[in-house]
Colleague: 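Pasting in a structure now, in structure tokens, and then I'll have a few things to ask.
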Amino acid sequence: MDRQLVGALAALVAVCAVAAVQAQPPSPKLPPNYHMINPGHMGKRDQQLSCADTTGNNKGCVAKCDKRCPNQCIVLCPSCKTFCMCDFYPGVSCGDPRFTGGDGNNFYFHGKKDQDFCIVSDADLHINAHFIGKRNPTMSRDFTWIQALGIRFADHRLYMGALKTAKWTSDVDRLELAFDGAPIDVPAELGARWESAAVPGLTVTRTAATNGVRVQLAGVFDIMANVDSRIHNYGVTEEDSLAHLDLGFKFYDLSDDVHGVLGQTYRSDYVNKLSVSASMPVMGGAPSYVVSDIFSTDCAVARFARRAGISMVTGRAN
């Protein structure tokens, strides 16, 4: 591993360590020699990046995105080392709904197609996920992916989802965003930014011209979302390419009473009871996390609005 790459990775680790102890976290910083490529954009379906060695000690190299993140990746020059965006944003791994818990362990939560589940529920933050999928006739469960998120905080509702599409092309934006029922319009260009007039610190920034955004609420959460349709031939039809979200989460102010599929793993008293011998442990107990719709807070483990001053509670208290 060359010295420049070691230095870049060390810088990233340092940034993550600082963020863990600061109340107001800085934005994750990438090294100055990084480049973003988006294969498939503007018809360049096999887009590659050429890196020149400015020191003159080595030949140039060519990089392309890893199969885990074929639509967007980061390239460090001059080494041509590639990373997926979710390498910097744990919470949900690239592809299928595999979660990385607050304890650092990975696990599956299959949920059920066409249903909503609470993945994080705290006193002043609640996040639901809508699952889509296809039934495997040889198995007793669905193949599932997360199609949308419904986020509640204070009296506000934030929606982010992947629009249903028949034939997938990464050149067409399939992101749907809304805040308190009004569409969020972010120009289709890299770096374009929307800021909420009602909630200071709430922003949406495009990480790609199409199908990629970073949604931040200062001091509360930082979410990376990319629309994708690579599902390894799990039943794609001409009517539906099963477009879904690849997601990554960072949380900054969760209480020790937080719950939900992912949220519970951030508790200090959380005990991992999943099978450590499995190649990818599966979290069960789906009935405890079912909600009646994308914005409901009526899952059995709901914690939302327990503190004084939070209004607009829906569903049952626990």
Side-chain angles (χ1 to χ4, degrees), residues 91-92 97 111 114-132 145-164 173-186 192-206 211-227 243-255 257-263 266 289-318:
V92 179
D114 302 325
Q115 289 193 7
D116 304 297
F117 298 87
C118 61
I119 59 173
V120 175
S121 188
D122 206 358
D124 47 14
L125 176 66
H126 187 94
I127 303 177
N128 293 333
H130 179 74
F131 283 64
I132 58 172
W145 300 269
I146 293 175
Q147 180 268 331
L149 294 180
I151 304 172
R152 297 280 304 274
F153 56 93
D155 291 336
H156 302 291
R157 304 184 180 207
L158 176 65
Y159 175 87
M160 51 199 305
L163 292 169
K164 183 176 180 179
D173 193 38
R174 295 296 181 182
L175 266 171
E176 182 179 11
L177 302 164
F179 181 60
D180 288 343
I184 295 175
D185 184 19
V186 188
R193 181 183 175 94
W194 172 89
E195 296 185 25
S196 171
V199 179
L202 177 62
T203 61
V204 178
T205 306
R206 287 215 183 249
N211 298 312
V213 291
R214 178 181 182 181
V215 181
Q216 297 171 279
L217 179 57
V220 181
F221 60 72
D222 187 344
I223 302 174
M224 297 290 291
N226 291 285
V227 180
H244 58 275
L245 297 176
D246 284 343
L247 294 156
F249 300 92
K250 284 189 177 182
F251 301 108
Y252 300 111
D253 193 30
L254 295 176
S255 77
D257 188 46
V258 64
H259 218 301
V261 174
L262 176 62
Y266 286 82
Y289 311 111
V290 174
V291 288
S292 54
D293 64 59
I294 193 68
F295 284 116
S296 289
T297 61
D298 56 0
C299 57
V301 298
R303 301 293 193 263
F304 187 64
R306 280 189 167 185
R307 294 176 186 166
I310 303 296
S311 58
M312 288 184 64
V313 184
T314 65
R316 62 176 180 272
N318 188 38

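All values derive from a computational prediction rather than experimental measurement.
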Colleague: Going by the rule salt bridge (Lys or Arg N to Asp or Glu O under 4.0 Å), which residues pair with R206 if we only count those two or more places apart in sequence or in a different chain?
Modeller: D173
Colleague: Nearest 0.5 Å, please: how far is CD1 in I151 from OH in Y159?
Modeller: 11.5 Å
Colleague: With side chains defined as the heavy atoms from C-beta onward, is the minimum distance between V290 and F117 less than 4.5 Å?
Modeller: yes
Colleague: Does a side-chain heavy-atom distance below 4.5 Å link V213 with V186?
Modeller: no
Colleague: Would you say S121's side chain and G260's backbone share a donor-acceptor pair under 3.5 angstrom?
Modeller: no
Colleague: Mind checking side-chain hydrogen bond (donor to acceptor under 3.5 Å, both in side chains) for E176 and listing every partner two or more places apart, or none if nothing turns up?
Modeller: none
Colleague: Which heavy atom in F304 sits nearest to a heavy atom in T297, and how many Å separate them?
Modeller: CD2-CG2, 3.7 Å
Colleague: What residues form a side-chain hydrogen bond (donor to acceptor under 3.5 Å, both in side chains) with S292, not counting sequence neighbours?
Modeller: S296, D298
Colleague: Apply the test side-chain contact (heavy atoms from CB on, under 4.5 Å) to residues N226 and N211: give CA-CA distance (whole Å), side-chain angles for both, the deciding distance (0.1 Å), then the verdict.
Modeller: CA-CA 5 Å; N226 291 285; N211 298 312; 6.0 Å; no
Colleague: Using the test side-chain hydrogen bond (donor to acceptor under 3.5 Å, both in side chains), find all partners of H259 that sit at least two apart in sequence or belong to another chain.
Modeller: none
Colleague: Can you tell me how far apart CG (L245) and CZ (R174) are? Round to the nearest 0.5 Å.
Modeller: 13.5 Å
Colleague: Out of curiosity, D222 CG to R214 CZ, how far, rounded to the nearest 0.5 Å?
Modeller: 4.0 Å
Colleague: Any side-chain heavy-atom pair from V199 and F153 closer than 4.5 angstrom?
Modeller: yes
Colleague: Sequence neighbours left out, what passes ring-ring contact (aromatic ring centres under 6.0 Å, His included) with Y289? Give chain and number order.
Modeller: F109
Colleague: Which heavy atom in A225 sits nearest to a heavy atom in L247, and how many Å separate them?
Modeller: CB-CD2, 3.7 Å
Colleague: I'd like to check V120 versus F249 (side-chain heavy atoms, cut-off strictly below 4.5 Å). Are they in contact?
Modeller: no
Colleague: For A243 and A162, which heavy atoms make the closest approach, and how far apart are they?
Modeller: O-CB, 3.8 Å
Colleague: Taking R303 for the side chain and V301 for the main chain, is one N or O donor matched with an acceptor at less than 3.5 Å?
Modeller: yes
Colleague: How many angstroms lie between atom CG of L158 and atom CZ of F221, to the nearest 0.5 angstrom?
Modeller: 5.5 Å
Colleague: Roughly how far, to the nearest 0.5 Å, is NZ of K164 from NE2 of H244?
Modeller: 16.0 Å
Colleague: Between I119 and L149, is there a side-chain heavy-atom distance shorter than 4.5 Å?
Modeller: yes
Colleague: Can you tell me how far CG of D180 sits from OG of S196, rounded to the nearest 0.5 angstrom?
Modeller: 7.5 Å
Colleague: Pick one: which of L262, I223, V258, D122 meets side-chain contact (heavy atoms from CB on, under 4.5 Å) with F251?
Modeller: L262
Colleague: With side chain to side chain donor-acceptor pair (under 3.5 Å) as the test, would you mind laying out the steps for H130 and N128 before giving the verdict?
Modeller: CA-CA 7 Å; H130 179 74; N128 293 333; over 6 Å; no
Colleague: Considering non-hydrogen atoms only, spot the tightest contact between I146 and A129 and give its length.
Modeller: CG2-CB, 4.0 Å
Colleague: Go through the structure and list residues passing ring-ring contact (aromatic ring centres under 6.0 Å, His included) with F179, not counting sequence neighbours.
Modeller: H156
